[in-house]
There are 2 protein chains.
Amino acid sequence: MPSLSSGLLGDLDPTSDRAVFRQIADQLREAIDRGRFKEGEKLPSEAELVEHYGVSRMTVRNSFSVLQGEGLVHAEHGKGVFVRPRPPVRRLASDRFARRHREQGKSAFIVEADAAGSHPQVDSLEVKEEKASQDVSTRLGSVRRVLARRRRYLLDGRPVEFATSYLPLDIARGTSIAEPNPGPGGIYARLEELGHRLDHFEEEIRARMPSPDEVRTLRLASGVPVIHLIRTAFDQEGRAVEVCDTVMAADAYVLSYQLPAT
Amino acid sequence: MPSLSSGLLGDLDPTSDRAVFRQIADQLREAIDRGRFKEGEKLPSEAELVEHYGVSRMTVRNSFSVLQGEGLVHAEHGKGVFVRPRPPVRRLASDRFARRHREQGKSAFIVEADAAGSHPQVDSLEVKEEKASQDVSTRLGSVRRVLARRRRYLLDGRPVEFATSYLPLDIARGTSIAEPNPGPGGIYARLEELGHRLDHFEEEIRARMPSPDEVRTLRLASGVPVIHLIRTAFDQEGRAVEVCDTVMAADAYVLSYQLPAT
DNA sequence: AAGTGGTCTAGACCACACT
DNA sequence: GTGTGGTCTAGACCACTTA
(Lines give C-alpha, C1' and ligand atoms only; values in the text may rest on other atoms or scores of the structure.)
Protein backbone atom coordinates (compact mmCIF):
# COMPACT_ATOMS: atom_id res chain seq x y z
CA MET A 1 0.00 0.00 0.00
CA PRO A 2 1.35 3.40 -0.99
CA SER A 3 2.05 5.77 1.85
CA LEU A 4 0.24 8.42 -0.15
CA SER A 5 -3.47 8.33 0.27
CA SER A 6 -4.38 7.56 -3.32
CA GLY A 7 -7.07 10.20 -3.12
CA LEU A 8 -4.61 13.07 -3.11
CA LEU A 9 -2.78 12.26 -6.30
CA GLY A 10 -3.96 10.33 -9.31
CA ASP A 11 -2.22 8.09 -11.80
CA LEU A 12 -0.25 8.86 -14.90
CA ASP A 13 -1.80 8.63 -18.33
CA PRO A 14 0.70 6.59 -20.37
CA THR A 15 -1.19 7.34 -23.57
CA SER A 16 -0.88 11.07 -23.07
CA ASP A 17 1.55 13.14 -25.11
CA ARG A 18 2.20 15.22 -22.04
CA ALA A 19 5.59 14.49 -20.52
CA VAL A 20 5.48 12.46 -17.34
CA PHE A 21 7.12 15.16 -15.23
CA ARG A 22 4.52 17.64 -16.48
CA GLN A 23 1.70 15.30 -15.59
CA ILE A 24 3.10 14.97 -12.10
CA ALA A 25 3.54 18.73 -11.82
CA ASP A 26 -0.04 19.18 -13.04
CA GLN A 27 -1.38 16.86 -10.37
CA LEU A 28 0.61 18.52 -7.60
CA ARG A 29 -0.40 21.98 -8.81
CA GLU A 30 -4.04 20.99 -8.89
CA ALA A 31 -3.83 19.50 -5.41
CA ILE A 32 -2.31 22.75 -4.17
CA ASP A 33 -4.91 24.86 -5.95
CA ARG A 34 -7.69 22.80 -4.45
CA GLY A 35 -6.22 23.30 -1.03
CA ARG A 36 -5.33 19.65 -0.49
CA PHE A 37 -1.90 20.93 0.37
CA LYS A 38 -2.15 24.19 2.25
CA GLU A 39 0.28 27.07 2.58
CA GLY A 40 3.44 26.05 4.35
CA GLU A 41 2.51 22.39 4.21
CA LYS A 42 4.99 19.75 3.11
CA LEU A 43 4.48 17.95 -0.15
CA PRO A 44 5.21 14.23 -0.43
CA SER A 45 8.94 13.58 -0.48
CA GLU A 46 10.76 12.77 -3.69
CA ALA A 47 11.09 9.16 -2.58
CA GLU A 48 7.37 8.88 -1.93
CA LEU A 49 6.53 10.27 -5.34
CA VAL A 50 9.06 7.97 -7.01
CA GLU A 51 7.25 5.10 -5.31
CA HIS A 52 3.76 6.39 -6.04
CA TYR A 53 4.29 7.06 -9.73
CA GLY A 54 6.88 4.41 -10.46
CA VAL A 55 9.29 6.86 -12.09
CA SER A 56 12.88 7.77 -11.51
CA ARG A 57 13.92 10.38 -9.03
CA MET A 58 15.09 12.84 -11.67
CA THR A 59 11.61 12.85 -13.15
CA VAL A 60 10.08 13.76 -9.82
CA ARG A 61 12.69 16.45 -9.28
CA ASN A 62 11.89 17.82 -12.69
CA SER A 63 8.26 18.18 -11.64
CA PHE A 64 9.27 20.04 -8.51
CA SER A 65 11.45 22.34 -10.52
CA VAL A 66 8.47 23.26 -12.70
CA LEU A 67 6.47 24.20 -9.63
CA GLN A 68 9.40 26.11 -8.17
CA GLY A 69 9.67 28.12 -11.37
CA GLU A 70 6.01 29.02 -10.98
CA GLY A 71 6.70 30.21 -7.47
CA LEU A 72 4.25 27.66 -6.06
CA VAL A 73 6.61 25.66 -3.86
CA HIS A 74 10.06 25.93 -2.38
CA ALA A 75 12.50 23.24 -1.26
CA GLU A 76 14.31 23.19 2.05
CA HIS A 77 17.40 21.07 2.12
CA GLY A 78 17.04 18.16 4.50
CA LYS A 79 13.43 19.00 5.30
CA GLY A 80 11.24 18.73 2.27
CA VAL A 81 9.35 20.63 -0.37
CA PHE A 82 6.70 23.03 0.91
CA VAL A 83 3.84 25.03 -0.48
CA ARG A 84 5.15 28.55 -0.52
CA PRO A 85 3.22 30.74 1.88
CA ARG A 86 2.18 34.11 0.58
CA PRO A 87 3.93 36.66 2.77
CA PRO A 88 2.20 39.74 4.09
CA VAL A 89 2.08 42.40 1.43
CA ARG A 90 3.06 46.00 1.67
CA ARG A 91 0.55 48.22 -0.06
CA LEU A 92 2.06 51.35 -1.50
CA ALA A 93 -0.54 54.03 -2.16
CA SER A 94 0.01 56.85 -4.60
CA ASP A 95 -0.31 59.46 -1.87
CA ARG A 96 2.58 57.96 0.07
CA PHE A 97 4.75 60.98 -0.70
CA ALA A 98 2.12 63.55 0.13
CA ARG A 99 3.56 66.45 2.10
CA ARG A 100 1.37 65.72 5.10
CA HIS A 101 3.10 62.36 5.55
CA ARG A 102 6.46 64.07 5.85
CA GLU A 103 5.60 66.08 8.91
CA GLN A 104 6.30 63.26 11.35
CA GLY A 105 9.47 62.14 13.01
CA LYS A 106 9.93 58.73 11.46
CA SER A 107 10.39 57.62 7.91
CA ALA A 108 7.38 56.63 5.88
CA PHE A 109 8.51 53.02 5.86
CA ILE A 110 8.74 52.77 9.64
CA VAL A 111 5.46 54.54 10.30
CA GLU A 112 3.54 52.45 7.85
CA ALA A 113 5.02 49.14 8.96
CA ASP A 114 4.33 49.93 12.61
CA ALA A 115 0.76 50.66 11.71
CA ALA A 116 0.49 47.33 9.93
CA GLY A 117 1.80 45.54 13.00
CA SER A 118 5.06 44.46 11.39
CA HIS A 119 8.56 44.94 12.68
CA PRO A 120 10.45 47.23 10.28
CA GLN A 121 14.21 47.61 9.92
CA VAL A 122 16.46 49.59 7.62
CA ASP A 123 20.05 48.52 7.05
CA SER A 124 22.90 48.45 4.54
CA LEU A 125 23.22 52.15 4.87
CA GLU A 126 25.77 53.53 2.46
CA VAL A 127 26.12 57.14 1.54
CA LYS A 128 28.79 58.22 -0.88
CA GLU A 129 29.62 60.35 -3.85
CA GLU A 130 30.09 58.51 -7.11
CA LYS A 131 29.98 58.77 -10.87
CA ALA A 132 26.46 58.90 -12.23
CA SER A 133 25.40 56.05 -14.49
CA GLN A 134 24.31 56.95 -17.98
CA ASP A 135 20.68 56.47 -17.04
CA VAL A 136 20.79 58.44 -13.81
CA SER A 137 22.71 61.21 -15.47
CA THR A 138 20.08 61.51 -18.17
CA ARG A 139 17.25 61.58 -15.69
CA LEU A 140 18.92 64.22 -13.53
CA GLY A 141 19.77 66.41 -16.49
CA SER A 142 23.34 65.53 -17.40
CA VAL A 143 25.08 65.55 -14.07
CA ARG A 144 28.45 63.86 -13.88
CA ARG A 145 28.68 62.91 -10.24
CA VAL A 146 25.98 62.26 -7.67
CA LEU A 147 25.40 61.53 -4.03
CA ALA A 148 24.17 57.95 -3.73
CA ARG A 149 22.22 56.77 -0.71
CA ARG A 150 21.73 53.00 -0.53
CA ARG A 151 19.58 51.18 1.97
CA ARG A 152 17.75 47.91 2.40
CA TYR A 153 14.33 47.59 4.01
CA LEU A 154 13.28 44.60 6.06
CA LEU A 155 9.88 43.55 7.36
CA ASP A 156 9.84 41.13 10.27
CA GLY A 157 13.41 40.23 9.46
CA ARG A 158 12.80 39.56 5.81
CA PRO A 159 14.44 41.86 3.25
CA VAL A 160 11.76 43.21 0.95
CA GLU A 161 13.30 46.15 -0.84
CA PHE A 162 16.63 47.59 -1.85
CA ALA A 163 16.75 51.24 -2.80
CA THR A 164 19.31 53.76 -4.00
CA SER A 165 18.66 57.48 -4.14
CA TYR A 166 20.77 59.64 -6.41
CA LEU A 167 21.02 63.39 -5.93
CA PRO A 168 23.02 66.03 -7.78
CA LEU A 169 26.03 67.16 -5.76
CA ASP A 170 25.16 70.84 -5.98
CA ILE A 171 21.98 70.05 -4.08
CA ALA A 172 23.08 67.43 -1.59
CA ARG A 173 26.75 68.00 -0.78
CA GLY A 174 27.35 69.31 2.70
CA THR A 175 23.70 69.11 3.71
CA SER A 176 22.04 66.68 6.08
CA ILE A 177 21.06 64.71 2.99
CA ALA A 178 24.66 63.55 2.91
CA GLU A 179 24.41 62.30 6.50
CA PRO A 180 23.63 58.63 7.17
CA ASN A 181 20.43 59.70 8.88
CA PRO A 182 18.84 62.65 7.11
CA GLY A 183 16.36 63.24 9.93
CA PRO A 184 12.60 63.32 10.29
CA GLY A 185 10.57 63.11 7.10
CA GLY A 186 13.51 61.79 5.10
CA ILE A 187 15.34 63.45 2.24
CA TYR A 188 12.18 64.84 0.69
CA ALA A 189 11.59 66.91 3.81
CA ARG A 190 15.23 68.07 3.67
CA LEU A 191 14.97 68.96 0.00
CA GLU A 192 12.01 71.20 0.71
CA GLU A 193 13.80 72.87 3.60
CA LEU A 194 16.67 73.57 1.24
CA GLY A 195 14.30 75.45 -1.01
CA HIS A 196 13.59 72.69 -3.52
CA ARG A 197 9.83 72.73 -3.17
CA LEU A 198 8.64 69.44 -4.64
CA ASP A 199 6.06 69.51 -7.38
CA HIS A 200 5.51 65.92 -8.48
CA PHE A 201 7.09 62.51 -8.87
CA GLU A 202 7.34 60.23 -11.86
CA GLU A 203 7.51 56.50 -11.32
CA GLU A 204 8.50 53.92 -13.90
CA ILE A 205 7.63 50.33 -13.17
CA ARG A 206 9.03 47.15 -14.63
CA ALA A 207 8.89 43.54 -13.53
CA ARG A 208 11.52 40.90 -14.29
CA MET A 209 13.35 37.97 -12.79
CA PRO A 210 16.05 38.94 -10.30
CA SER A 211 19.76 38.84 -10.98
CA PRO A 212 21.82 36.49 -8.78
CA ASP A 213 22.88 39.59 -6.84
CA GLU A 214 19.31 40.55 -6.15
CA VAL A 215 18.47 37.00 -5.13
CA ARG A 216 21.17 37.25 -2.50
CA THR A 217 20.37 40.75 -1.24
CA LEU A 218 16.64 40.13 -0.99
CA ARG A 219 16.96 36.44 -0.08
CA LEU A 220 14.47 35.68 -2.82
CA ALA A 221 12.95 32.24 -3.22
CA SER A 222 13.00 30.85 -6.73
CA GLY A 223 10.00 31.81 -8.76
CA VAL A 224 9.73 35.25 -7.20
CA PRO A 225 10.14 38.16 -9.63
CA VAL A 226 11.19 41.65 -8.67
CA ILE A 227 9.45 44.93 -9.26
CA HIS A 228 11.89 47.52 -10.48
CA LEU A 229 10.71 51.03 -9.73
CA ILE A 230 12.50 54.19 -10.78
CA ARG A 231 11.15 57.36 -9.24
CA THR A 232 12.19 60.85 -10.22
CA ALA A 233 11.32 63.81 -8.00
CA PHE A 234 10.74 67.19 -9.67
CA ASP A 235 10.76 70.54 -7.96
CA GLN A 236 8.45 73.38 -8.86
CA GLU A 237 10.91 74.75 -11.36
CA GLY A 238 10.68 71.47 -13.24
CA ARG A 239 14.14 70.33 -12.25
CA ALA A 240 14.75 66.65 -11.44
CA VAL A 241 16.24 66.78 -7.94
CA GLU A 242 16.35 63.09 -7.08
CA VAL A 243 16.22 59.69 -8.74
CA CYS A 244 15.37 56.71 -6.58
CA ASP A 245 16.05 53.26 -7.98
CA THR A 246 14.21 50.54 -6.08
CA VAL A 247 14.14 46.77 -6.43
CA MET A 248 11.33 45.08 -4.52
CA ALA A 249 10.49 41.45 -3.84
CA ALA A 250 7.37 41.19 -5.96
CA ASP A 251 5.60 38.84 -3.56
CA ALA A 252 5.77 41.45 -0.82
CA TYR A 253 4.20 44.37 -2.64
CA VAL A 254 1.07 45.74 -4.16
CA LEU A 255 1.45 49.15 -5.72
CA SER A 256 -1.56 51.33 -6.05
CA TYR A 257 -2.04 54.51 -8.05
CA GLN A 258 -4.74 57.05 -8.66
CA LEU A 259 -5.15 58.41 -12.17
CA PRO A 260 -7.26 61.41 -13.04
CA ALA A 261 -9.86 60.84 -15.74
CA THR A 262 -9.50 64.28 -17.16
CA MET B 1 41.09 21.37 -30.11
CA PRO B 2 37.80 22.48 -28.67
CA SER B 3 35.38 24.02 -31.09
CA LEU B 4 34.82 26.73 -28.49
CA SER B 5 37.34 29.49 -28.70
CA SER B 6 38.80 29.10 -25.24
CA GLY B 7 38.60 32.83 -24.80
CA LEU B 8 34.84 32.89 -24.48
CA LEU B 9 34.48 30.51 -21.58
CA GLY B 10 36.92 29.67 -18.83
CA ASP B 11 37.59 26.54 -16.85
CA LEU B 12 35.93 25.09 -13.79
CA ASP B 13 37.36 25.56 -10.34
CA PRO B 14 37.39 22.07 -8.80
CA THR B 15 38.31 23.49 -5.40
CA SER B 16 35.29 25.75 -5.34
CA ASP B 17 32.28 24.96 -3.17
CA ARG B 18 30.08 26.30 -5.91
CA ALA B 19 28.29 23.55 -7.78
CA VAL B 20 29.62 22.80 -11.22
CA PHE B 21 26.38 23.64 -12.98
CA ARG B 22 26.34 27.00 -11.19
CA GLN B 23 29.89 27.72 -12.23
CA ILE B 24 28.97 26.99 -15.82
CA ALA B 25 25.86 29.14 -15.54
CA ASP B 26 27.98 31.93 -14.04
CA GLN B 27 30.40 31.83 -16.93
CA LEU B 28 27.67 31.83 -19.53
CA ARG B 29 25.86 34.67 -17.73
CA GLU B 30 28.99 36.70 -17.56
CA ALA B 31 29.73 36.12 -21.23
CA ILE B 32 26.22 37.29 -22.06
CA ASP B 33 26.49 40.33 -19.80
CA ARG B 34 29.77 41.28 -21.39
CA GLY B 35 28.16 41.04 -24.79
CA ARG B 36 30.26 38.10 -25.95
CA PHE B 37 26.97 36.50 -26.84
CA LYS B 38 24.58 39.08 -28.17
CA GLU B 39 20.80 39.22 -28.20
CA GLY B 40 19.32 36.48 -30.33
CA GLU B 41 22.68 34.77 -30.71
CA LYS B 42 23.07 31.04 -30.22
CA LEU B 43 25.00 29.75 -27.24
CA PRO B 44 27.30 26.73 -27.60
CA SER B 45 25.30 23.53 -27.91
CA GLU B 46 24.94 21.15 -25.00
CA ALA B 47 27.32 18.74 -26.68
CA GLU B 48 29.95 21.44 -27.10
CA LEU B 49 29.73 22.43 -23.45
CA VAL B 50 29.88 18.80 -22.35
CA GLU B 51 33.09 18.55 -24.35
CA HIS B 52 34.49 21.88 -23.18
CA TYR B 53 33.91 21.35 -19.47
CA GLY B 54 34.20 17.58 -19.36
CA VAL B 55 30.91 17.14 -17.52
CA SER B 56 27.80 15.13 -18.20
CA ARG B 57 25.01 16.42 -20.31
CA MET B 58 22.58 16.75 -17.40
CA THR B 59 24.99 19.13 -15.71
CA VAL B 60 25.08 21.36 -18.74
CA ARG B 61 21.31 21.24 -19.05
CA ASN B 62 21.05 22.20 -15.40
CA SER B 63 23.12 25.30 -16.14
CA PHE B 64 20.86 26.22 -19.00
CA SER B 65 17.84 25.80 -16.81
CA VAL B 66 19.28 28.27 -14.32
CA LEU B 67 19.69 30.86 -17.05
CA GLN B 68 16.22 30.13 -18.39
CA GLY B 69 14.79 30.75 -14.96
CA GLU B 70 16.50 34.12 -14.94
CA GLY B 71 14.92 34.91 -18.27
CA LEU B 72 18.33 35.31 -19.88
CA VAL B 73 18.09 32.59 -22.52
CA HIS B 74 15.51 30.42 -24.17
CA ALA B 75 15.80 27.05 -25.86
CA GLU B 76 14.41 26.17 -29.25
CA HIS B 77 13.96 22.49 -29.87
CA GLY B 78 16.20 21.25 -32.66
CA LYS B 79 17.87 24.62 -33.07
CA GLY B 80 19.76 25.60 -29.96
CA VAL B 81 19.77 27.83 -26.93
CA PHE B 82 19.66 31.53 -27.63
CA VAL B 83 20.18 34.76 -25.75
CA ARG B 84 16.68 36.07 -25.24
CA PRO B 85 16.18 39.29 -27.15
CA ARG B 86 14.47 42.06 -25.24
CA PRO B 87 11.27 42.77 -27.12
CA PRO B 88 10.03 46.26 -27.85
CA VAL B 89 8.40 47.69 -24.80
CA ARG B 90 5.04 49.35 -24.51
CA ARG B 91 5.16 52.38 -22.28
CA LEU B 92 1.93 53.09 -20.50
CA ALA B 93 1.73 56.65 -19.25
CA SER B 94 -0.56 57.70 -16.45
CA ASP B 95 -2.47 60.06 -18.71
CA ARG B 96 -3.41 57.25 -21.04
CA PHE B 97 -7.05 57.48 -19.99
CA ALA B 98 -7.26 61.24 -20.21
CA ARG B 99 -10.49 62.35 -21.81
CA ARG B 100 -8.71 63.96 -24.73
CA HIS B 101 -7.39 60.57 -25.80
CA ARG B 102 -10.92 59.23 -26.07
CA GLU B 103 -12.05 61.65 -28.74
CA GLN B 104 -10.59 59.66 -31.61
CA GLY B 105 -12.01 56.88 -33.67
CA LYS B 106 -9.68 54.05 -32.71
CA SER B 107 -8.91 52.44 -29.40
CA ALA B 108 -6.02 53.73 -27.35
CA PHE B 109 -4.08 50.52 -27.95
CA ILE B 110 -4.34 50.75 -31.73
CA VAL B 111 -3.52 54.45 -31.90
CA GLU B 112 -0.51 54.17 -29.68
CA ALA B 113 0.88 51.07 -31.38
CA ASP B 114 0.49 52.64 -34.80
CA ALA B 115 2.39 55.65 -33.56
CA ALA B 116 5.16 53.40 -32.29
CA GLY B 117 5.41 51.72 -35.69
CA SER B 118 4.14 48.36 -34.49
CA HIS B 119 1.38 46.28 -35.93
CA PRO B 120 -1.41 45.97 -33.32
CA GLN B 121 -4.19 43.39 -33.18
CA VAL B 122 -6.99 42.65 -30.76
CA ASP B 123 -8.54 39.19 -30.60
CA SER B 124 -10.19 36.62 -28.34
CA LEU B 125 -13.17 38.87 -28.10
CA GLU B 126 -15.72 37.51 -25.70
CA VAL B 127 -18.59 39.47 -24.26
CA LYS B 128 -21.01 37.83 -21.89
CA GLU B 129 -22.92 38.13 -18.69
CA GLU B 130 -21.65 36.08 -15.80
CA LYS B 131 -21.50 35.75 -12.06
CA ALA B 132 -19.15 38.24 -10.46
CA SER B 133 -16.18 36.81 -8.59
CA GLN B 134 -15.87 37.68 -4.94
CA ASP B 135 -13.17 40.20 -5.67
CA VAL B 136 -14.93 41.90 -8.56
CA SER B 137 -18.15 42.03 -6.63
CA THR B 138 -16.42 43.77 -3.74
CA ARG B 139 -14.78 46.29 -5.98
CA LEU B 140 -17.98 47.10 -7.83
CA GLY B 141 -19.96 47.46 -4.63
CA SER B 142 -21.63 44.09 -4.11
CA VAL B 143 -23.03 43.34 -7.50
CA ARG B 144 -24.05 39.76 -8.21
CA ARG B 145 -23.77 39.53 -11.96
CA VAL B 146 -21.64 41.50 -14.39
CA LEU B 147 -20.98 42.01 -18.04
CA ALA B 148 -17.53 40.64 -18.81
CA ARG B 149 -15.56 41.78 -21.84
CA ARG B 150 -12.46 39.71 -22.57
CA ARG B 151 -9.85 40.51 -25.17
CA ARG B 152 -6.23 39.81 -25.97
CA TYR B 153 -3.84 42.37 -27.37
CA LEU B 154 -1.05 41.52 -29.79
CA LEU B 155 1.89 43.57 -31.00
CA ASP B 156 3.52 42.47 -34.25
CA GLY B 157 1.85 39.11 -33.81
CA ARG B 158 3.01 38.57 -30.27
CA PRO B 159 0.40 38.45 -27.51
CA VAL B 160 1.34 40.97 -24.86
CA GLU B 161 -1.73 41.45 -22.72
CA PHE B 162 -4.96 39.76 -21.73
CA ALA B 163 -7.68 41.92 -20.24
CA THR B 164 -11.16 41.47 -18.85
CA SER B 165 -13.48 44.35 -18.09
CA TYR B 166 -16.33 43.84 -15.67
CA LEU B 167 -19.32 46.19 -15.57
CA PRO B 168 -22.48 46.13 -13.48
CA LEU B 169 -25.44 44.93 -15.51
CA ASP B 170 -27.57 47.95 -14.68
CA ILE B 171 -25.01 50.09 -16.43
CA ALA B 172 -23.99 47.94 -19.37
CA ARG B 173 -26.89 45.74 -20.35
CA GLY B 174 -28.53 46.67 -23.61
CA THR B 175 -26.00 49.41 -24.37
CA SER B 176 -23.27 49.43 -26.99
CA ILE B 177 -20.93 48.39 -24.18
CA ALA B 178 -22.47 44.94 -24.52
CA GLU B 179 -21.62 44.87 -28.23
CA PRO B 180 -18.43 43.15 -29.40
CA ASN B 181 -17.21 46.48 -30.70
CA PRO B 182 -18.21 49.32 -28.41
CA GLY B 183 -17.19 51.97 -30.91
CA PRO B 184 -14.74 54.88 -30.98
CA GLY B 185 -13.05 55.75 -27.73
CA GLY B 186 -13.87 52.40 -26.17
CA ILE B 187 -16.11 51.68 -23.23
CA TYR B 188 -14.94 54.69 -21.25
CA ALA B 189 -16.30 56.96 -23.97
CA ARG B 190 -19.59 55.00 -23.91
CA LEU B 191 -19.81 55.21 -20.14
CA GLU B 192 -19.54 58.97 -20.29
CA GLU B 193 -22.19 59.18 -23.02
CA LEU B 194 -24.45 57.14 -20.78
CA GLY B 195 -24.12 59.78 -18.10
CA HIS B 196 -21.40 58.14 -16.00
CA ARG B 197 -18.96 61.00 -16.10
CA LEU B 198 -15.63 59.52 -15.06
CA ASP B 199 -13.77 61.05 -12.18
CA HIS B 200 -10.67 58.95 -11.61
CA PHE B 201 -9.16 55.50 -11.85
CA GLU B 202 -7.44 53.35 -9.28
CA GLU B 203 -4.81 50.89 -10.40
CA GLU B 204 -3.40 48.05 -8.32
CA ILE B 205 -0.20 46.46 -9.55
CA ARG B 206 1.33 43.13 -8.70
CA ALA B 207 4.02 41.03 -10.35
CA ARG B 208 4.28 37.25 -10.19
CA MET B 209 5.13 34.21 -12.26
CA PRO B 210 2.43 33.24 -14.74
CA SER B 211 0.08 30.31 -14.35
CA PRO B 212 0.30 27.61 -17.04
CA ASP B 213 -2.84 29.13 -18.55
CA GLU B 214 -1.22 32.53 -18.81
CA VAL B 215 1.91 30.99 -20.31
CA ARG B 216 -0.27 29.56 -23.05
CA THR B 217 -2.42 32.63 -23.67
CA LEU B 218 0.50 35.05 -23.77
CA ARG B 219 2.97 32.53 -25.28
CA LEU B 220 5.39 33.46 -22.53
CA ALA B 221 8.98 32.28 -22.54
CA SER B 222 10.21 30.77 -19.31
CA GLY B 223 11.63 33.31 -16.94
CA VAL B 224 9.16 36.01 -17.93
CA PRO B 225 6.90 37.22 -15.11
CA VAL B 226 3.55 38.88 -15.59
CA ILE B 227 2.32 42.21 -14.37
CA HIS B 228 -1.14 41.90 -12.94
CA LEU B 229 -3.00 45.19 -13.05
CA ILE B 230 -6.47 45.75 -11.64
CA ARG B 231 -8.03 49.06 -12.57
CA THR B 232 -11.25 50.41 -11.12
CA ALA B 233 -13.02 53.32 -12.80
CA PHE B 234 -15.01 55.70 -10.60
CA ASP B 235 -17.64 58.14 -11.77
CA GLN B 236 -18.13 61.58 -10.29
CA GLU B 237 -20.60 60.25 -7.77
CA GLY B 238 -17.87 58.00 -6.42
CA ARG B 239 -19.41 54.85 -7.80
CA ALA B 240 -17.17 52.12 -9.21
CA VAL B 241 -18.49 51.63 -12.73
CA GLU B 242 -15.90 49.27 -14.17
CA VAL B 243 -13.18 46.89 -13.05
CA CYS B 244 -10.54 45.90 -15.59
CA ASP B 245 -8.34 42.94 -14.78
CA THR B 246 -5.24 42.83 -16.96
CA VAL B 247 -2.37 40.37 -17.20
CA MET B 248 0.62 41.66 -19.14
CA ALA B 249 3.81 40.02 -20.32
CA ALA B 250 6.25 41.83 -18.06
CA ASP B 251 8.99 41.99 -20.66
CA ALA B 252 6.76 43.98 -22.98
CA TYR B 253 5.78 46.77 -20.61
CA VAL B 254 6.95 49.75 -18.68
CA LEU B 255 4.27 51.44 -16.63
CA SER B 256 4.70 55.06 -15.77
CA TYR B 257 2.80 57.19 -13.27
CA GLN B 258 2.75 60.75 -12.09
CA LEU B 259 2.27 61.40 -8.39
CA PRO B 260 1.49 64.78 -6.92
CA ALA B 261 3.85 65.92 -4.17
CA THR B 262 1.14 67.67 -2.27
C1' DA C 1 21.41 12.18 -42.22
C1' DA C 2 23.31 14.95 -38.76
C1' DG C 3 22.75 18.10 -35.12
C1' DT C 4 19.94 20.00 -31.75
C1' DG C 5 17.25 20.01 -27.44
C1' DG C 6 13.42 17.01 -24.60
C1' DT C 7 12.63 13.23 -21.70
C1' DC C 8 13.83 9.42 -18.79
C1' DT C 9 16.45 5.80 -16.22
C1' DA C 10 19.26 3.80 -12.44
C1' DG C 11 22.36 4.37 -10.14
C1' DA C 12 26.07 7.28 -6.89
C1' DC C 13 27.78 10.33 -3.23
C1' DC C 14 27.04 14.52 -0.60
C1' DA C 15 25.05 18.04 2.79
C1' DC C 16 21.57 19.28 5.79
C1' DA C 17 17.83 18.48 9.44
C1' DC C 18 15.76 15.87 12.81
C1' DT C 19 15.63 12.75 16.81
C1' DG D 1 21.20 7.12 12.17
C1' DT D 2 17.50 7.98 9.03
C1' DG D 3 15.26 10.77 5.86
C1' DT D 4 15.44 14.73 3.22
C1' DG D 5 16.87 17.40 -0.87
C1' DG D 6 21.43 18.75 -3.90
C1' DT D 7 24.60 17.33 -7.29
C1' DC D 8 26.44 14.41 -10.78
C1' DT D 9 27.24 10.50 -14.06
C1' DA D 10 26.60 7.70 -18.33
C1' DG D 11 24.00 6.12 -20.70
C1' DA D 12 19.16 5.69 -23.73
C1' DC D 13 15.49 6.97 -26.97
C1' DC D 14 12.67 10.60 -28.90
C1' DA D 15 11.19 14.92 -31.59
C1' DC D 16 12.32 18.82 -34.04
C1' DT D 17 15.24 21.53 -37.47
C1' DT D 18 18.25 21.99 -41.17
C1' DA D 19 20.39 20.48 -45.05
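Excluded from the calculations below are hydrogen atoms, water molecules and symmetry mates; all remaining heavy atoms, backbone and side chain alike, are included. We name chains A, B, ... by the order of the sequence lines, and we start the count at 1 in each one.
- Between the C1' atom of C:dG5 and the CD atom of B:E48 lies a distance of 13 Å, rounded to the nearest Å.
- One atom, CZ of A:R57, and another, P of D:dT9, lie 15 Å apart when rounded to the nearest Å.
- Both distances falling under 3.5 Å, in either a Watson-Crick or a G-U wobble arrangement, occur for no nucleotide opposite C:dT19.
- Here C:dC18 presents its C1' atom at 12 Å from CZ of A:F82, a figure rounded to the nearest Å.
- A:N62 has its CG atom 13 Å from the P atom of D:dG6, to the nearest Å.
- In this structure, B:S45 reaches the C:dT4 phosphate: one of its side-chain N or O atoms is under 4.0 Å from OP1 or OP2.
- Between D:dT9, C:dG6, D:dG5, one nucleotide has an atom nearer to the side chain of B:S56 than all others, and that is D:dT9.
- Taking only side-chain nitrogens and oxygens, A:R61 comes nearer than 4.0 Å to OP1 or OP2 of D:dG6.
- Close to D:dG5, at under 4.0 Å from its OP1 or OP2, lies no side-chain N or O of A:K79.
- Phosphate contact (OP1/OP2 of D:dT7, side-chain N/O of B:T59, threshold under 4.0 Å): absent.
- As rounded to whole Å, 12 Å separates atom C1' of C:dA10 from atom CE of A:M58.
- One distance of note links CD of A:E30 with CZ of A:F37; it measures 11.5 Å at 0.5 Å rounding.
- Under the 4.0 Å criterion applied to side-chain N and carboxylate O atoms, A:R57 and A:E51 are not assigned as salt-bridge partners.
- Taking 3.5 Å as the limit, the base of D:dT7 and the side chain of B:R22 contain no donor-acceptor pair of atoms between them.
- Ion pairing of B:R18 with B:D13 is absent here, as no side-chain N (NZ or NE/NH1/NH2) approaches a carboxylate O to less than 4.0 Å.
- Between the OH atom of A:Y53 and the C1' atom of C:dT9 there is a distance of 18 Å, given to the nearest Å.
- Mapping B:G78 and A:G78 onto DNA chain C via the closest heavy atom, the residue that lands nearer the 5' end is B:G78.
- Here C:dT7 presents its P atom at 15 Å from CG of A:L12, a figure rounded to the nearest Å.
- Applying the 6.0 Å contact sphere to NZ of A:K42 captures more than 12 heavy atoms from other residues, nucleotides or ligands.
- Within the nucleic acid shown, A:R18 has no heavy atom closer than 4.0 Å to any nucleic acid atom.
- Between B:D251 and B:R158 a salt bridge is recorded (basic side-chain N to carboxylate O distance below 4.0 Å).
- In this structure, B:H77 forms no aromatic stack with the base of C:dG6, since the conditions of centre separation below 5.5 Å and plane angle below 30° are not both met.
- If you take CD1 of A:I24 and C1' of C:dT7, they are 12 Å apart, rounded to a whole angstrom.
- In the set D:dC8, C:dC8, D:dG5, C:dC8 carries the atom at the smallest distance from any side-chain atom of A:A19.
- Here the side chain of B:F21 is nearest to one of C:dC8, D:dC8, D:dT9, namely D:dC8.
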